[in-house]
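Worksheet for the structure shown next.
This structure is a prediction, so every number in the text was calculated from the model and none was measured. All chains are named by letter (A, B, ...) in the order of the sequence lines, taking the proteins before the strands, and each is independently numbered beginning at 1.
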Amino acid sequence: METTSVVELAIANLLSPPVLAFALGLLAVAVKSDLRLPEPVYQAISIYLLLGIGIKGGVALRDSSLQEIWLPIAVTLLLGVLIPLGAYVISWWFTRLDAINRGALAAHYGSTSLVTFTAALVFIESSGQFAEGYLVTLLAILEVPGIIVGLLLASRARKGGIAWGESLQEVLSGKSIVLLVGGLAIGVASGSAGFASIEPFFGGLFTGVLTLFLLELGIVAGRRLPDVKRTGWGLVAFGTLFPLLAGFAGVAGGLFAGLSVGGAALLGVLSASSSYIAAPTAVRLALPEASPGIYLTASLGITFPFNLIAGIPLYYWYAETLGGLIGWN
Amino acid sequence: METTSVVELAIANLLSPPVLAFALGLLAVAVKSDLRLPEPVYQAISIYLLLGIGIKGGVALRDSSLQEIWLPIAVTLLLGVLIPLGAYVISWWFTRLDAINRGALAAHYGSTSLVTFTAALVFIESSGQFAEGYLVTLLAILEVPGIIVGLLLASRARKGGIAWGESLQEVLSGKSIVLLVGGLAIGVASGSAGFASIEPFFGGLFTGVLTLFLLELGIVAGRRLPDVKRTGWGLVAFGTLFPLLAGFAGVAGGLFAGLSVGGAALLGVLSASSSYIAAPTAVRLALPEASPGIYLTASLGITFPFNLIAGIPLYYWYAETLGGLIGWN
Amino acid sequence: METTSVVELAIANLLSPPVLAFALGLLAVAVKSDLRLPEPVYQAISIYLLLGIGIKGGVALRDSSLQEIWLPIAVTLLLGVLIPLGAYVISWWFTRLDAINRGALAAHYGSTSLVTFTAALVFIESSGQFAEGYLVTLLAILEVPGIIVGLLLASRARKGGIAWGESLQEVLSGKSIVLLVGGLAIGVASGSAGFASIEPFFGGLFTGVLTLFLLELGIVAGRRLPDVKRTGWGLVAFGTLFPLLAGFAGVAGGLFAGLSVGGAALLGVLSASSSYIAAPTAVRLALPEASPGIYLTASLGITFPFNLIAGIPLYYWYAETLGGLIGWN
Amino acid sequence: MELTSRTVVTIVAESALESRLVADLSAAGVPGYTVTPAHGAGVRGQREGDIQGGNIRIETVLPHDTALGILAMLQDKYFSHYACVAWLSQASVVRGEHF
Amino acid sequence: MELTSRTVVTIVAESALESRLVADLSAAGVPGYTVTPAHGAGVRGQREGDIQGGNIRIETVLPHDTALGILAMLQDKYFSHYACVAWLSQASVVRGEHF
Amino acid sequence: MELTSRTVVTIVAESALESRLVADLSAAGVPGYTVTPAHGAGVRGQREGDIQGGNIRIETVLPHDTALGILAMLQDKYFSHYACVAWLSQASVVRGEHF
Ligand SMILES: Nc1ncnc2c1ncn2[C@@H]1O[C@H](COP(=O)(O)O)[C@@H](O)[C@H]1O
Ligand SMILES: Nc1ncnc2c1ncn2[C@@H]1O[C@H](COP(=O)(O)O)[C@@H](O)[C@H]1O
Ligand SMILES: Nc1ncnc2c1ncn2[C@@H]1O[C@H](COP(=O)(O)O)[C@@H](O)[C@H]1O
Ligand code: NA
Ligand code: NA
Ligand code: NA
């Protein structure tokens, strides 16, 4: 893939079934279709994706030494603190929102999006590239600190502060963390022999199920589009430019920590993507004054489609170029 | 398969897991079981089937030239107008129903049934026959005109007519059309390379998922059976004899348009089958005076089981015999 | 596998993904996670497991002669009567419960657990052992008599007795029986050629789907654990010691009836496991005075995890040892 | 518009009872009923358990006398052993003949 | 606490009607509505059928006059042909301006 | 049959609030409650969004005083920031001690 241009990468990504299904979902909303994936099936698929990606990551993690992964973990933790701080400051330049709403944005952009990561994984695998298996560990690690930093930033502006005990409990015991961490543990414990028996389900079906899931996410994002107009161009600019920056930070950090080009691209995707499972719930309960019309619209209506369509190949291109510069690969 | 008799074909069809699962569903109702596939799962499976069949059709369509498909498309459009007209007239001979109820029947028999088509596809494939991939395109094309013609016929008898704008919008943006057409587009765009990544999900599982779906449809059809007694033998005669005629028209039209034996058989199935997803919704809203006890019973309680059990091998036999007569294959 | 010790077997079982997923479910409750598999998906998976195991059993049953299976069937019927009688008597020693609650326990332990059987099947298959395909027939046969015997025992203590007609109808037309027996019939009728078309769905995915299902059952069992403390140690002792006894009876009966070591181990699992689909419904309706806090806690909170974690390898060890003693295999 | 007064009986019960309750309501002559899925907790807290699908909420609009008959039937057959509660409230309908 | 009196309109209809009903309710000026999935049976028993997802139950709390307008609208457009019933009941709310 | 008068509190709120609301209701001493899944729209129309599972409808039958206490609690903790509405209505029950 090294010789293909960024445009070819982008086109290959655009023509993959998952991304096309996402576009179909957007279109379904545009033609006022009543198409929806039923809520319980949507929930079950997100459990399937989280657990499956956790187990696969765990199987891979088994072969990694602590020596190999401590630096990537440290870098990830750093990104988990710096990205929400950056989002808090930079969103001010673009939107002039109050501290509570910017704290909410920081919590979303500091955390990460499973589906964007998954789509990137499919992209990397389908173009025959390598990426370290323990990236899933980094995904799990990056989920939480961003949310905490975001809430911290907002709480300073909030009289009454935040019920930290309740909020932390909700985030740490939420299904994202339980399934990712639990899946990692299952993968580590059962290894590739154990995984073989469930591979047809958690492995073979993965891209197909993701396609169905992205159809529904396209519908959900499409229903947010009218809100995008309402929230104004400042938010659109933030929701596309900030990921470009955060993605760069992730790629650079990844290469610094010794990740492969594919691995650094994935850490870029993790950094650039914003949460829409763990963060919205936490923010809704802890910061009820923050407007979901702002943070959900930015995260789900702007950044998620942007990353899916343009970001993923771009962060890969970052990694390839930067990796080339520093003589990596 | 050319040397096997129609009886052998029929038996092979009857003993296939999907058809047996349908029979089990009928039986479950007979023994008053509370077995049901949960509604959200039923909905999700129908999305899976529509999208999957659309994508597979699109991948095949990619290899077809416009020159090859314009005649089959024209013939399909013609069938889409003639079949509902036929149903409107012929149902009068059998049932003496009023114009509104016959218009409702025309809308159902003029449109087509995804699951019957799917079961026929499995039948054709499992007996090693060929069928043109663009048949799915014809399926999508045949969905709509029959409904429009049926509503037109009924609207003449209805004071106040029909709210056409609303009805057309509902049919065209309904999930059948959106998913079939959208799936076709995804298949065309991503091609067989893209399809490979989702084949285990949309391809390998297809017959198994269809089996589960037909179990539920057996239950639904079984619950309609008491209504069959109530509506009388005229409707039973219409619901079995009319498909025989429409199926013949479809097969003949298909062979005329240059389709293979398998392809013509499938166009016969499309013509003979009656809708129970798109048409009932459209008819219920546009023609509330029409009795669902009549059109749903005919479509779902009579014609669907008839086609599944006897019709599919019969239309194949039509195609083989007629194809042989005209020196085809 | 003959040379591996029981400890190795137990460890292999513990580290299999389905059992680890069950443990994750328990853990999720412990950390107060709101993780749940949505109810409709849970229902659909149990339909999938019942139908799939029925069909696979039917395909295998096709190759069995009546001569081969009449003795195992007779032994199973005997176990179906003796085990609930044993449970009724022995539960008195441990718990001093009244006759109605012990009748309820007898109905549960006399019947059997699909998922425990399924996990055992996966265990046997993944360790390369053989087991007769008609064991699924024995599963279906063992479902019902235990419930009837249990209700009979309780009804003697109940003024007004039991509405037998209603209860029998509900058990026999319940989804367990309809799907297992119907699946067996589908498997017998369609044979391995028919099964090939649905194998990717009902075969390949099986262990993976079971893993997801056990995650949810771990959650359900975990929510019962506080009740375990409340009901006292007598019930815990009964819920772990009685299966050891019933499992032994099943294994011995199986070997006597000529089953292979794997088959006898599975009959042991069937005997040792207690129902939590068919029996709870029947008991709830027929014996409303019996406390679900007792029978569900014992069946789901104690015996099910016990069998899953320790019982399955143990019954296999029974079969191997006893089979060795009597010179089998 | 002419409004007629009717009584609403709302029943919440464990979902395993649905078919029996519906049969008993029909026998008691209800003109119709509406069922919604539900879950909850009560004084007794005794339910068949998480595994079997929670509760149902049944609502039926009918003449006051039939409503009282239903309460009596519930008290006779359901209240003592099953997880089942019920309450009455007032409603007005057009088309009184329909209810 | 100051309580204001409001009327609750409860509508049960076949679920295919949901989007039309919601549009008509909005046009009639309801301040809000809540929909729950449902199934059931009635005098007419005519529904689009098992395949299309049962009924819905719509509840809206509003001033009495608007409630009467909604009943009139339902009688005009829905009661005669569709599986649709409705009833009114009384409620009290705080924050009367919200309803 | 002896009937006792009780008050029904109906609460509709975004579903993310379920566990918090149930905890607060229990703390306020409700004798029981019933939850049904729901969706809808209101004056505020501000919800966590399509992705997180709509609304819930909670119904609890209880003495009038407890009902007023619950309204006060809702007004204090929920009405101002969350998508949450509530109303009271009248009901009669047998087995008054149960509610
Ligand atoms: N006071 C109440 N208000 C509303 N629903 C109740 C009340 N009490 C009980 N319920 C419902 O009735 C079911 C059975 O109650 P119980 O028989 O007390 O366990 C509970 O699961 C609740 O859904
Ligand atoms: N008396 C009633 N009480 C409660 N719900 C009713 C009543 N009558 C009808 N329904 C509901 O309204 C739907 C349509 O009723 P119908 O138009 O009579 O078929 C039914 O499926 C029930 O869910
Ligand atoms: N007037 C009303 N009648 C019935 N339900 C309402 C009403 N207003 C609001 N709701 C419900 O309460 C939820 C929150 O309302 P709101 O806080 O106004 O957005 C809505 O999604 C509706 O389900
Ligand atoms: Na991020
Ligand atoms: Na047709
Ligand atoms: Na047993």
Side-chain angles (χ1 to χ4, degrees), chain A residues 37-52 54-56 58-59 62 165-166 168-206 208-209 277-278 281-282 285, chain C residues 11-46 48-49 52 118-119 121-128 199-216 218-219 222:
Chain A
L37 196 66
E39 165 80 11
V41 175
Y42 175 88
Q43 295 295 350
I45 292 183
S46 75
I47 291 173
Y48 164 88
L49 294 174
L50 284 161
L51 187 64
I55 295 178
K56 270 180 286 185
V59 172
R62 220 176 136 93
E166 221 167 358
L168 281 179
Q169 151 70 18
E170 275 161 354
V171 170
L172 292 173
S173 74
K175 73 177 175 194
S176 305
I177 293 299
V178 166
L179 288 169
L180 280 176
V181 174
L184 280 168
I186 292 177
V188 166
S190 64
S192 51
F195 185 64
S197 65
I198 57 174
E199 199 284 332
F201 183 61
F202 286 108
L205 302 189
F206 203 77
V209 174
I277 298 183
T281 310
L285 293 171
Chain C
I11 288 175
N13 180 58
L14 275 180
L15 295 184
S16 71
V19 175
L20 290 170
F22 181 79
L24 179 58
L26 293 176
L27 197 84
V29 177
V31 301
K32 296 206 172 53
S33 175
D34 62 352
L35 178 66
R36 288 304 300 255
L37 197 66
E39 167 81 12
V41 176
Y42 175 87
Q43 296 295 347
I45 293 183
S46 74
Y48 163 88
L49 294 174
T118 308
L121 211 61
V122 166
F123 171 77
I124 297 275
E125 279 171 9
S126 75
S127 48
E199 200 283 333
F201 184 61
F202 285 110
L205 301 189
F206 204 76
T207 311
V209 175
L210 180 67
T211 301
L212 210 57
F213 198 67
L214 280 172
L215 175 67
E216 169 68 14
I219 297 169

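Distance check: L210(C) CG to T118(C) OG1 gives 6.0 Å after rounding to the nearest 0.5 Å.
In terms of heavy-atom proximity, L51(A) sits nearest to G183(A) at CD1-CA, 4.0 Å. Of all the heavy atoms in A189(A) and L15(C), the pair that sits closest is O-CD1, 3.9 Å.
Of the atoms belonging to S126(C), not a single heavy atom falls under 4.5 Å from chain A. At a 4.5 Å heavy-atom cutoff, A44(C) makes no contact with chain A through either its backbone or its side chain. L205(A) touches chain C through its side chain: at least one heavy atom from C-beta onward sits under 4.5 Å away, while N, CA, C and O do not. When heavy atoms are compared at a cutoff of 4.5 Å, P40(C) approaches chain A solely by way of its side chain, counted from C-beta outward. For V31(C), the parts lying under 4.5 angstrom from a heavy atom of chain A are both the backbone and the side chain.
With chain C as partner, the option from I186(A), V178(A), V181(A) having the largest number of non-hydrogen pairs under 4.5 angstrom is I186(A). The candidate with the highest count of non-hydrogen atom pairs below 4.5 Å against chain C, out of G182(A), S190(A), G187(A), is S190(A). In terms of heavy-atom pairs under 4.5 angstrom with chain C, the leader among K175(A), E199(A), E170(A), Q169(A) is Q169(A).
A 4.5 Å side-chain heavy-atom check between F206(C) and F201(A) finds every atom pair outside the cut-off. By the 4.5 Å heavy-atom criterion applied to side chains, L215(C) and L37(C) are not counted as neighbours.
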**OP:** Run the numbers on V19(C) and L214(C) for side chain to side chain contact (heavy atoms under 4.5 Å, CB included), then give the verdict.
**Re:** CA-CA 7 Å; V19(C) 175; L214(C) 280 172; 5.6 Å; no
